[in-house]
Amino acid sequence: MTVRIGVLALQGDVREHRQALAAVGAESAPVRTAADLARVDGIVLPGGESTTMSRLLGVFDLFEPLRDALAGGLPAYGSCAGMILLASRVLDTRSDARSLGTIDMTVRRNAFGRQVDSFETDLDVAGVPGGPMRAVFIRAPWVEEVAPEVDILARVRPQKVADGSTAGTIVAVRQGNAVATSFHPEVTGDLRMHDYFVRLVRDVAV
Ligand code: GLN
């Protein structure tokens, strides 16, 4: 079925997400107002700068409508700054920054630190077939803690922990219809994350 996927278009890499959505055969539309939001079957929250987006959500009277639509099950995919916006708790952000509380997790902003502000790696994402995907991290957040309802889809830098098992930093999660990644699939040409999200939106829209 034909679905229309909104891309929050207040700031950030809106064009890259719209191109990736078009490439997987989905119709997309920019979302700047509550009226725009009412016309979409799912929404992408792009990478960019989360505190700026938080402020602009207020300026455009979109914060409450978006928070409520997400709480009502509107499918969402947030990459990087978008992940920060979807979190219920954010560390190392501005005191006036707000987040939407869609995914019950604690996210640390700019978590990978100065030395590795930006890096790339290959990682497996649960539910995304076809082997590891190239993941680009740009001043990326990581996920420090998740509630039991949150599925962990990917981790980076696996290392042995005390009990002998192998853990790593959480960089992709899903709770219900909301998916978030610390990395930016919209800049690599690998369309599998967008394809995954479009399939999710189609399943919910039926
Ligand atoms: N560091 C940015 C923030 O805090 C996120 C970076 C990104 O989206 N590439 O919002």
Side-chain angles (χ1 to χ4, degrees), residues 5-21 28 30-32 42-60 62-63 66-67 70 75-123 125 133-146 153-157 169-175 178-194 196-197:
I5 301 194
V7 180
L8 183 67
L10 304 176
Q11 190 266 337
D13 62 348
V14 176
R15 196 175 38 143
E16 288 80 354
H17 277 289
R18 293 195 65 192
Q19 282 166 350
L21 290 167
S28 77
V31 170
R32 294 191 189 87
I43 186 161
V44 172
L45 310 182
E49 215 291 315
S50 57
T51 65
T52 305
M53 279 194 245
S54 157
R55 187 172 56 75
L56 292 174
L57 282 170
V59 171
F60 284 75
L62 196 53
F63 187 88
L66 180 56
R67 184 195 55 199
L70 296 171
Y77 169 47
S79 69
C80 203
M83 168 187 259
I84 298 171
L85 287 176
L86 288 173
S88 43
R89 293 164 301 279
V90 181
L91 305 174
D92 288 347
T93 191
R94 287 172 53 120
S95 57
D96 58 353
R98 295 187 290 171
S99 63
L100 297 156
T102 316
I103 299 180
D104 193 352
M105 62 178 171
T106 304
V107 164
R108 186 176 295 277
R109 189 167 156 259
N110 300 334
F112 288 94
R114 214 157 265 231
Q115 245 109 65
V116 284
D117 261 356
S118 300
F119 64 100
E120 295 184 25
T121 188
D122 294 317
L123 47 85
V125 181
M133 67 160 49
R134 192 81 184 147
V136 177
F137 294 80
I138 305 166
R139 289 183 64 72
W142 69 37
V143 180
E144 285 204 6
E145 201 181 23
V146 294
L153 304 184
R155 298 178 185 258
V156 286
R157 300 179 178 160
T169 306
I170 303 167
V171 292
V173 292
R174 174 171 176 176
Q175 181 178 3
V179 182
T181 62
S182 303
F183 52 90
H184 292 267
E186 72 279 13
V187 303
T188 62
D190 186 333
L191 300 168
R192 287 178 290 161
M193 218 50 234
H194 289 82
Y196 173 95
F197 181 57

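Since this is a predicted model, take the numbers as computed values, not measurements. Numbering of ligands and ligand atoms starts at 1, following listing order.
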Are N110 and D92 side-chain neighbours, meaning at least one heavy-atom pair lies under 4.5 Å? no
With sequence neighbours left out, what residues match H184 under ring pair (Phe, Tyr, Trp, His ring centres under 6.0 Å)? none
Kindly write out the residues that satisfy side chain to side chain donor-acceptor pair (under 3.5 Å) with R55, not counting sequence neighbours, or none if the list is empty. none
Would you please name every residue forming a side chain to side chain donor-acceptor pair (under 3.5 Å) with E49, sequence neighbours left out? T51, T52, R109
With rounding to the nearest 0.5 angstrom, report the CE to CZ distance, M83 to F183. 8.0 Å
Parallel under 30°, tilted from 30 to 60°, perpendicular over 60°: which one fits the rings of H194 and Y77? perpendicular
Which protein residues have a heavy atom closer than 4.0 Å to any atom of ligand 1, listed by chain and number? G47, G48, E49, S50, C80, A81, I84, R109, N110, I138, R139, H184
